[in-house]
Amino acid sequence: MRSLLPSRIIDTKRRGGELSPEELEEVFGGFLTGDVPDYQMAALLMAVHFQGMTPTELDTLLDLTIRSGTVLDLSHLPGPGVDKHSTGGVGDKTSLVLAPLAAELGLFVPMISGRGLGHTAGTLDKLEAIPGFRTGLTLGEFRSVLEEVGVAMMGQTEEMAPLDRRLYALRDATATVPSIPLMAASILGKKLAEGIQGLVLDVKVGSGSFLPGAEESRKLARTMTSLGNGRGVRTAALLTGMDAPLGQAVGNGLETREALACLAGGGPEDLVELSTALTGEMLCLGGLASDPEEGVRRAREALEEGRAVPRMARLVERQGGDPRVVTKPELIPSAPECGVGTAETSGFVTEILPVPLGYGVVEMGGGRRRLEDVVDPRVGFVLAVRPGDRVERGDPLGEVHAADRDGLELGRRVLLKAVALGSEPPPPIPSLIRERIPLH
Ligand code: URA
């Protein structure tokens, strides 16, 4: 077949035309082999960002993403394989809680996660805050941890959905992340390659999410649930609030400590609520609970009793980490400088803005400006207030954990900006779980 010109394909999309499966295969396949350079793919991604994709185009891109690597076969496992994916937020450490919890309750969780992106942090960076923990497993190692422990957690490799890995890095660098078809193909492409039978999606709504409004988030959730279900994977979604960070800790190691406290039966209520809501959905999708409510009840009970702690310790040990951390989170290295940010006036906490806090962690060295940057897992914030709280001048707003004195001062400034104070209490805070998009 004569090869099609990438510039003609870009031109068609830029003008709002529909690309045929052959054209998509040509351009995305060529990108994987290096025949289509980054600059042409970046132009095409921007055209898709503005023009969108038809359902047929999206279906083809999803297929190409899944087929670009290996698809796991979990049919030999003695229980259902179910996973969750979040569209990314600040302070969101639910994966560290729900993965061992869901495994403790009978599911197999083959979790392939990402690293921090923009203002959001990634599960892999949080896991690597545990001394020795390896997220760079081979597929063989991943399979054997999953078989033995019921849960395995690793990063994307060249073996699974490599097209997404390459596209994701380019999208991050070209501001083309917030596109519904590109997000749907990216998320489902890597999750469906896990060979799972159920998937719950946590689609964030609010100022800390990637998409600008609730309508867009709902559209993304519906696009993904219908694509997933159409391919025989039972897929449901929750729309959840990301107007404030989840929990109190923001920053990789601090978040891991908070997640471990939650696994042991403590932790902030919003983190418990979201982790158990998602686990409840997973149990229901895997056929281990008759409805999500029963699933949530069982998840909450197990969490309160700390039943998933030994499983988390096994997971950490099998992936090379120090398992003592699970019952002694203080063994996670802490930052050399720790100070408190205090309120400069009295008033009510009207908002805690997730985006400045997320970027604050990046600036303090706890995130990446470039893909190759090494993150400092020790830095970040532990909030002392929630929206709606009354504070007096001089009261603590939160702790700042930094690598040096400059970082501490920077962190204090970020905290004071992110925690907005006003003379009136804010309107009632909407519930964390805004909407459920069931199987359809
Ligand atoms: N998370 C993903 O895996 N992909 C996206 O495109 C956005 C968030």
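Side chains are part of it too, since the values below use all heavy atoms of this structure and drop only hydrogens, waters and symmetry mates. Whatever order the structure lists ligands and atoms in, that order sets their numbers, starting from 1.
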**Q.** Student check: side-chain heavy atoms of Thr120 and Phe210 closer than 4.5 Å
**A.**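 They are in side-chain contact.
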Q: Taking the side chain as every heavy atom from C-beta outward, state whether Met111 and Lys84 have any atom pair closer than 4.5 Å.
A: yes
List every atom of ligand 1 that sits less than 4.0 Å from any heavy atom of [X], numbering the atoms from 1 in the order shown and giving each element.
X	value
Ile187	1 (N), 2 (C), 3 (O), 4 (N)
Tyr168	1 (N), 2 (C), 3 (O), 4 (N), 5 (C), 6 (O), 7 (C), 8 (C)
Arg171	5 (C), 6 (O)
His85	1 (N), 2 (C), 3 (O)

Q. Ligand 1 versus Phe210, non-hydrogen atoms closer than 4.0 Å: side chain, backbone, both, neither?
A.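 It is neither; nothing of Phe210 touches ligand 1.
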Q. Between atom CZ of Arg171 and atom CG of Leu182, what is the distance when rounded to the nearest 0.5 Å?
A.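 Taking CZ in Arg171 and CG in Leu182, the distance rounds to 5.0 Å.
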Q) What's the spacing between Ile112 CD1 and Leu139 CG if we round to 0.5 Å? A)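 It comes to 7.0 Å.
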Q: For ligand 1, find out whether one of its N or O atoms is nearer than 3.5 Å to an N or O atom of Lys190.
A: yes
Q | Check: Ser186 N/O within less than 3.5 Å of ligand 1 N/O | A | yes
(Q) Testing the 3.5 Å rule here: is there a donor-acceptor pair between the side chains of Ser144 and Arg318? (A) yes
Q.
Salt bridge check, Asp63 against Arg231: does any charged N sit closer than 4.0 Å to a carboxylate O?
A.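 Asp63 and Arg231: salt-bridged.
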